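When a ligand or atom number is given, it counts from 1 through the structure's own listing order. Predicted model only: the values in this text are computed from it and were never measured.
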Amino acid sequence: MPHIASSVENVPYSRIRELGEMALGMDDVLRLYFGESNLPTPDYIKQAAMRALEDGYTYYTENAGLPSLRRAIAENYRRLQGVELDPKSEIVVTASGVQALNMGIRCALDPRDEALVLTPAWPNGSSSVMMANACVRQIPQPLSDERYGIDFDALEAAVTPRTRLLLYTSPSNPLGWVASEEEQQQLLDFARRHDLWLLADEVYDRLYYAGRELGDAAPSILRKATREDAVMVVHSFSKSYCMTGWRLGWLVARRDLAAKATQLNEFVISHAPSFAQKAGETALADGEPELRRMLERLEENRDLCLEALSGCRGVTAPRPDGAFYLFPRIEGLDDSFTFCRRLLEETRVGLAPGVAFGAGGEGSIRICYAAESSILEPAMERLTRFLRGGA
Ligand SMILES: Cc1ncc(COP(=O)(O)O)c(C=O)c1O
């Protein structure tokens, strides 16, 4: 009997989904396991999509996305990052951040190549490497003095003649860590020295709390890299504009890779939905006031969670500079999945187990704090009670 290819058979099931699916069968769960805001897409974006449908954006578009959206993305980089991009040759619109990630990885790796992935990280990057028939080497980010860092010695030691790619996420899901300027330079130097593609997942760059003012974007690697560097950046509308269900993102890449990704898009999804692309243009143009309001709320939520956990003995929760997650480490915890399952069954609070995020993730749990206070406050109350030993 024909069998399923072993390369895909070996791709592990997402353990965040596994927990989520258990929770979906239960009533009254306080859901903080998926990485999304519980705010609906703002009305001005929905209206832009409806207008686009009326205006006839119901046909195929270019494989790289509408030229007007690519120009809007380039304009966004100019304004927020001071970076000049050529919208015609360096930006590919994709049907989500995860598709950009998958496409970038697929274009960089041959079967049996190796990719270095900084973890704990959202599992989809490692799984995309496996789907490309390549091998993943996960390099945990060490925690010292309440800040995550990068173990460059471990990275050096992991390089082999087959290593082609280094993937990192900044701001990080699940750590909330944001690469410092110095770390970005070191990552770039490392990639240049070893002839690697450097793939930066920057889908959370607008959710940044350590800038000069709220609303500043976390600095992109594109500020440091030249357009000739083997650098790619993955981005998405999902997180900044509450558009997870729309499936719209983009890839910035060196011209040769961007051209290939554009061509391959034809065979994967052809392009992102036309009217969603038009709505994305409106989000980029008019989204700042709403984004500011969301950031203020997220910052308050982050502080509420940190405050709640500060009273729990044996719990270390580094203060995140970006994204909308806390990743507290719990002393003595060696089975985060069982911890989260019990928490769910006994208190109806749904969190993601640290083990889902690869090497270095076990022993921690991930809290997505992009929820309204009517959910977050009771969830933190129940979690802290559970941590203190009472369900
Ligand atoms: C680090 C990271 N990258 C990419 C994505 C993909 O976002 P989307 O596929 O919704 O655009 C996510 C979503 O959770 C994420 O956390």
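- In this structure, Y209 and Y369 have tilted ring planes: the angle between them lies in the 30° to 60° band.
- Residues of the protein with a heavy atom under 4.0 Å from ligand 1 are S96, G97, V98, W122, T169, N173, D201, V203, Y204, S236, S238, K239, R247, listed by chain and number.
- Salt-bridge check for R254 with D229: failed, with every basic side-chain N at 4.0 Å or more from each acidic carboxylate O.
- A salt bridge links E288 with R79; the closest basic N to acidic carboxylate O contact falls under 4.0 Å.
- Geometrically, R15 engages F337 in a cation-pi contact, judged by NZ or CZ lying under 6.0 Å from the ring centre and within 45° of the ring axis.
- Salt-bridge annotation for R147 and E183: present, with a side-chain N of the basic residue lying under 4.0 Å from a carboxylate O of the acidic one.
- Salt-bridge annotation for K224 and E181: present, with a side-chain N of the basic residue lying under 4.0 Å from a carboxylate O of the acidic one.
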